[in-house]
There are 2 protein chains.
Amino acid sequence: MSTRDTGTEQLIKDTAKHLFFAEGKLHATTQEIADAAGVNRTLVNYYFRSRDILFDQVFNEAQDVFSTTLDEVFESNIPFKEKIRNLINAFTEETKEYPYRQLFIITEMNRDLVLYSKRSRVNKVKEFIDEIQVEMDNGELRKMDPRQFIINLFSLMAHPLITAPLQKAIFGMNDDEYAKLMEERKELIFETIFR
Amino acid sequence: MSTRDTGTEQLIKDTAKHLFFAEGKLHATTQEIADAAGVNRTLVNYYFRSRDILFDQVFNEAQDVFSTTLDEVFESNIPFKEKIRNLINAFTEETKEYPYRQLFIITEMNRDLVLYSKRSRVNKVKEFIDEIQVEMDNGELRKMDPRQFIINLFSLMAHPLITAPLQKAIFGMNDDEYAKLMEERKELIFETIFR
DNA sequence: CTTTTGTTTAACAATTTTGTCAAACTCAAA
DNA sequence: TTTGAGTTTGACAAAATTGTTAAACAAAAG
């Protein structure tokens with residue numbers, strides 16, 4: 001069967017991603033998704049058969065984009081510090097656009113609906129760990145479990161973006177003020193990580 | 001009207017907290033809560049009238065416990081470094097037990113169902129910021145926006161616990177190995193924060 | 001212009017989840 | 001032991017959400 005490509009299928013998927021990852025509405029109903037997309041709810045079933053299948057597709061694509069972004073940084077053949085700088089930039093921008101994506105992945109993992117695809121990310125991480133170890137041996141980094149280094153890095157990048165609403169409330173800041181703070185963090189994270 | 005206190009009301013509330021905060025099942029149904037508590041679902045309505053009211057109570061109590069824990073640390077009249085050490089301990093233990101509590105608070109905030117009670121946490125935070133500023137002026141801390149210091153601290157503490165399932169998958173670790181890593185972090189966070 | 005095929009819509013059915021009610025039950029007080 | 005207030009239960013009703021179907025529609029092909 002051929003297709004006429006009215007763009008509706010992609011529109012629904014993009015809208016779902018926006019609701020889930022950008023607005024944090026992790027349990028939006030098909031009606032809410034359809035309304036946000038400005039289409040008839042039945043089209044969700046027409047294109048995706050069921051809500052669960054839409055969920056799965058969005059979930060998997062989210063993981064792929066996320067993985068690809070990180071891989072491009074990891075695999076680039078440039079000095080370690082530059083690599084980290086690129087990572088901070090790429091990750092921050094990604095997370096700014098979709099702050100709740102990781103959160104979505106985690107909650108879905110907790111529902112046991114999706115078995116986390118061990119698409120052997122483990123191996124690529126091992127390479128990154130080795131690279132970090134070399135830097136530590138050369139005295140470029142404070143010695144510690146390289147996994148702690150990675151955890152530190154991602155914590156400093158991701159957490160303030162994931163918890164943005166909470167932080168804004170605690171500090172009494174508006175969106176612009178917080179965005180500025182996040183921009184300043186890029187350099188600050190770099191300095192913190194490298195002592 | 002007096003009460004006979006069979007413990008059922010508290011049991012339901014505790015079970016809900018456990019599902020939400022410990023297991024991350026943020027959208028557990030009343031049936032699931034009742035089953036987990038081993039009681040008839042109707043009792044949820046008997047004690048709380050509606051599911052939303054149960055949600056609100058659990059949500060508010062979560063905020064209160066969280067706030068109280070932090071306040072006790074903030075208000076204690078001890079040297080700054082000790083205060084931070086206590087904070088790291090208290091916060092880590094709390095988050096270990098209920099890793100998804102903050103996540104729950106955030107997603108609820110995004111549903112616009114609950115207006116974040118600005119119970120003037122802002123003021124207490126201001127005092128803490130001042131205290132940090134003094135330390136920076138005295139050269140005890142690297143100079144930066146004190147809010148960044150706070151964000152760094154909470155990011156390093158909370159994020160690896162919130163994203164535990166993800167991290168375990170990425171690093172290929174089991175529960176015990178990850179718990180050990182988290183324990184080692186307490187000291188590591190302290191050192192990272194104080195350069 | 002007619003046909004064909006893919007798309008969209010509304011009405012309907014099925015399922016899931018929540019809320020209500022009266023009856024049964026339990027335990028303490030009279 | 002009876003009475004009575006609070007508790008628990010199952011049956012039922014209501015609401016919300018999802019899934020299905022047939023008919024209307026739109027655009028390309030013949």
Side-chain angles (χ1 to χ4, degrees), chain A residues 1-21 23-62 100 104 107-108 110-114, chain B residues 1-21 23-62 100 104 107-108 110-114:
Chain A
M1 88 167 156
S2 73
T3 169
R4 209 170 274 164
D5 191 17
T6 57
T8 305
E9 180 170 3
Q10 193 60 42
L11 173 63
I12 291 171
K13 220 189 291 182
D14 288 343
T15 305
K17 281 180 189 172
H18 186 263
L19 284 176
F20 297 154
F21 306 150
E23 294 190 22
K25 305 265 175 67
L26 300 196
H27 35 302
T29 65
T30 54
Q31 185 67 65
E32 286 169 328
I33 295 169
D35 287 349
V39 303
N40 191 294
R41 181 182 63 82
T42 315
L43 291 177
V44 174
N45 289 307
Y46 176 69
Y47 284 108
F48 301 95
R49 291 192 63 86
S50 77
R51 182 173 162 282
D52 281 346
I53 294 175
L54 171 60
F55 261 65
D56 284 353
Q57 281 199 25
V58 166
F59 179 82
N60 285 322
E61 287 183 19
Y100 301 100
F104 178 84
T107 56
E108 282 304 298
N110 284 330
R111 292 181 69 189
D112 297 329
L113 294 181
V114 186
Chain B
M1 91 169 156
S2 74
T3 169
R4 207 170 278 160
D5 190 17
T6 57
T8 306
E9 181 171 3
Q10 193 59 41
L11 173 63
I12 292 173
K13 221 189 290 180
D14 288 344
T15 306
K17 282 180 188 171
H18 186 262
L19 284 176
F20 298 153
F21 306 151
E23 294 190 22
K25 306 266 174 68
L26 300 197
H27 34 301
T29 65
T30 54
Q31 185 67 64
E32 287 169 328
I33 296 169
D35 287 349
V39 303
N40 191 294
R41 182 182 62 82
T42 315
L43 291 178
V44 174
N45 289 307
Y46 177 69
Y47 284 109
F48 301 96
R49 290 192 62 85
S50 79
R51 181 173 162 283
D52 281 347
I53 293 176
L54 171 61
F55 261 66
D56 284 353
Q57 281 199 25
V58 166
F59 178 81
N60 286 322
E61 289 183 19
Y100 300 100
F104 178 83
T107 56
E108 283 304 297
N110 284 331
R111 293 181 68 190
D112 297 329
L113 294 181
V114 187

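Each chain gets a letter, A, B and so on, in the order its sequence line appears, and its residues count up from 1. As a basis for the values below, the full set of heavy atoms in this structure was taken, side chains included, without hydrogen atoms, waters or symmetry mates.
For Tyr47(B) and Arg49(A), each mapped to the nucleotide of DNA chain D holding its nearest heavy atom, the one lying further toward the 5' end belongs to Tyr47(B).
The side chain of Thr8(A) contributes no N or O atom lying less than 4.0 Å from OP1 or OP2 of dT7(C). Contact between the side-chain N/O atoms of Thr6(B) and the OP1/OP2 oxygens of dT26(C) is not found at any separation under 4.0 Å. Taking side-chain N and O atoms only, Asn45(A) has a distance below 4.0 Å to OP1 or OP2 of dG19(D). Distances shown here put a side-chain N or O of Thr30(A) below 4.0 Å from the OP1 or OP2 atom of dT18(D).
Straight-line distance from the CD1 atom of Ile53(B) to the P atom of dG19(C): 9 Å, rounded to whole Å. What separates OH of Tyr46(B) from P of dC21(C) is a distance of 15 Å, to the nearest Å. Rounded to whole Å, the distance from CG on Asp5(B) to C1' on dA28(C) is 15 Å. Taking atom CG on Leu54(A) and atom P on dT18(D), their separation rounds to 11 Å, with Å as the unit. One can place CD of Gln31(A) at 16 Å from C1' of dT16(C), the figure rounded to the nearest angstrom. Put simply, CG on Asp52(A) is 16 Å from P on dT17(D), counting in whole angstrom units. Atom CD of Glu32(A) and atom C1' of dT18(D) are 13 Å apart (whole Å). Rounded to an integer number of Å, the gap from Asn40(B) CG to dT17(C) C1' is 15 Å.
The six-membered or imidazole ring of Phe20(B) lies near that of Phe55(B), with a centre-to-centre distance under 6.0 Å.
Among the heavy atoms of the strands lying under 4.0 Å from Thr42(A) is at least one base atom, whether or not backbone atoms are also near. At a threshold of 4.0 angstrom between heavy atoms, the contacts of Phe48(A) with the nucleic acid are absent.
In terms of polar N and O atoms assigned as donor or acceptor, the side chain of Arg41(A) comes within less than 3.5 Å of the base of dG19(D) in a complementary pairing. One can find a donor-acceptor pair under 3.5 Å joining the base of dA5(D) and the side-chain atoms of Arg4(B). For dT17(C), the base has no donor-acceptor partner in the side chain of Arg51(B) [N/O atoms by modelled type, under 3.5 angstrom].
A donor-acceptor distance shorter than 3.5 angstrom exists from the side chain of Glu32(A) to the backbone of Thr29(A), with no hydrogens or angles considered. Proximity of a side-chain donor or acceptor of Gln10(B) to a complementary backbone N or O of Gly7(B) within less than 3.5 Å is not detected.
Under the 3.5 Å distance criterion, with hydrogens and angles disregarded, a donor-acceptor pair is assigned to the side chains of Thr42(A) and Asn40(A).
At a threshold of 4.5 Å between non-hydrogen side-chain atoms, the residues Phe48(A) and Glu9(A) count as touching.
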